[in-house]
> 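Structure in structure tokens, see below.
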Amino acid sequence: MPCPLCSHNKTHKHGKTSKGSQRYLCPNCKQTFTDTFDTIYYRRQVSEEKVRIVLQAHCEGTSLRGISRISRLSYNTGVSLIRAGSQKAQLIHNAQVQAVDTDAIAADA
Ligand SMILES: [Zn+2]
């Protein structure tokens, strides 16, 4: 996979993380990273299932204390996941909205 930091194409496998996911090393910028780089799961101990539960509960309007109870995560972990999730969503939204062709919209409208 290409390096997410410098886009160098030839990265090498570089052992596994403590959670058992593949770690990569970029020979160009000398940084290591994993498959989940650039996702909200990167460098978190929380399982993807729990992240999903927290974000789902938040979308349905569950209180932060309620989310903490359902997921059995600490209040602060829940808040941190929701922050990360909403930042990520905002970035994706911004990137896609920028890519919209305004001429096409004007023509449709
Ligand atoms: Zn690199």
Side-chain angles (χ1 to χ4, degrees):
M1 63 185 293
C3 175
L5 301 158
C6 73
S7 310
H8 185 72
N9 266 322
K10 294 201 168 94
T11 54
H12 306 297
K13 289 188 175 177
H14 191 65
K16 298 271 173 86
T17 66
S18 56
K19 280 171 71 191
S21 46
Q22 183 65 53
R23 180 185 281 132
Y24 298 89
L25 171 70
C26 173
N28 187 42
C29 65
K30 313 288 184 211
Q31 297 290 311
T32 60
F33 57 93
T34 63
D35 286 333
T36 59
F37 187 87
D38 204 31
T39 73
I40 59 173
Y41 305 113
Y42 188 58
R43 302 193 65 184
R44 281 191 189 277
Q45 300 295 319
V46 182
S47 72
E48 297 194 10
E49 177 64 13
K50 276 205 173 168
V51 172
R52 204 185 58 74
I53 289 169
V54 167
L55 296 180
Q56 179 78 45
H58 181 62
C59 289
E60 288 171 6
T62 309
S63 69
L64 293 171
R65 294 280 169 208
I67 289 170
S68 169
R69 261 195 316 276
I70 296 165
S71 63
R72 294 175 178 270
L73 294 169
S74 78
Y75 179 81
N76 287 329
T77 304
V79 171
S80 160
L81 285 171
I82 290 163
R83 282 227 176 94
S86 64
Q87 273 176 9
K88 190 75 192 159
Q90 187 69 57
L91 287 175
I92 291 168
H93 173 81
N94 289 350
Q96 293 189 349
V97 170
Q98 273 175 14
V100 169
D101 181 351
T102 48
D103 287 343
I105 289 178
D108 285 349

> Run the side chain to side chain contact (heavy atoms under 4.5 Å, CB included) test on Thr34 and Arg43 for me, step by step, so that the C-alpha distance in whole Å, both residues' side-chain angles and the decisive distance to 0.1 Å come before the verdict.
CA-CA 9 Å; Thr34 63; Arg43 302 193 65 184; over 6 Å; no
> Residues in side chain to side chain donor-acceptor pair (under 3.5 Å) with Thr11, at least two apart?
none
> Between the main-chain N or O of Ser71 and the side-chain N or O of Lys50, is there a donor-acceptor pair closer than 3.5 Å?
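Indeed, once roles are kept as given, a pair shorter than 3.5 Å links the two residues.
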> Does the Gln22 side chain pair with the main chain of Asp35, one donor and one acceptor, at a distance under 3.5 Å?
no
> State, yes or no, whether a side-chain contact exists between Pro27 and His12 at a heavy-atom distance under 4.5 Å.
yes
> Under 4.5 Å between side-chain heavy atoms, chaining through other members, with only Ile, Leu, Val, Met, Phe, Trp and Tyr counted: pull out the rest of the cluster around Ile53, sorted by chain and number.
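Besides Ile53, the hydrophobic cluster comprises Ile70, listed by chain and residue number.
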> Could you state the interatomic distance from OG (Ser63) to CZ (Arg65), rounded to the nearest 0.5 Å?
8.5 Å
> Atom SG of Cys3 and atom NZ of Lys10: how far apart are they, to the nearest 0.5 Å?
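So the SG of Cys3 and the NZ of Lys10 are separated by 14.0 Å.
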> Quick check on the hydrophobic clustering: are Val51 and Tyr75 connected, directly or via other members, by side-chain heavy-atom contacts under 4.5 Å?
yes
> Who else is in Tyr42's hydrophobic cluster (ILVMFWY, side-chain heavy atoms under 4.5 Å, direct or via others)?
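Members besides Tyr42, by chain and number: Met1, Leu5, Tyr24, Phe33, Phe37.
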> Sequence neighbours excluded, which residues qualify as salt bridge (charged side-chain N to carboxylate O under 4.0 Å, His left out) partners of Lys16?
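Counting only residues at least two positions away or on another chain, Lys16 forms no salt bridge (charged side-chain N to carboxylate O under 4.0 Å, His left out).
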> Keeping Thr62 on the side-chain end and Gly66 on the backbone end, is there a donor-acceptor pair under 3.5 Å?
no
> For the CD atom of Gln56 and the CD1 atom of Ile67, what is their distance to the nearest 0.5 Å?
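Reported value, rounded in 0.5 Å steps: 10.5 Å.
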> Return all side-chain donor-acceptor pairs below 3.5 angstrom for residues 76-83, not counting sequence neighbours, or 'none' if the list is empty.
unit_1: Thr77; atom_1: OG1; unit_2: Ser74; atom_2: OG; d: 2.8
unit_1: Ser80; atom_1: OG; unit_2: Arg44; atom_2: NH1; d: 3.2
unit_1: Ser80; atom_1: OG; unit_2: Arg44; atom_2: NH2; d: 3.2

> My understanding is that only residues two or more places apart in sequence, or in another chain, count here; which of them pass side chain to side chain donor-acceptor pair (under 3.5 Å) with Gln31?
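Listed in chain order: nothing, the list is empty.
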> Any donor-acceptor pair under 3.5 Å linking the side chain of Lys30 with the backbone of Leu25?
no
> Are any non-hydrogen side-chain atoms of Asp38 and Pro4 less than 4.5 angstrom apart?
no
> Rounded to the nearest 0.5 Å, what's the gap from NZ on Lys13 to OG1 on Thr32? Could you check?
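If I round to the nearest 0.5 Å, the distance is 15.5 Å.
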> With rounding to the nearest 0.5 Å, note down the distance linking OG in Ser21 to CZ in Arg23.
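Result: 8.0 Å between the selected atoms.
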> In the structure I gave you, are the side-chain heavy atoms of Leu55 and Ile40 within less than 4.5 Å of one another anywhere?
yes
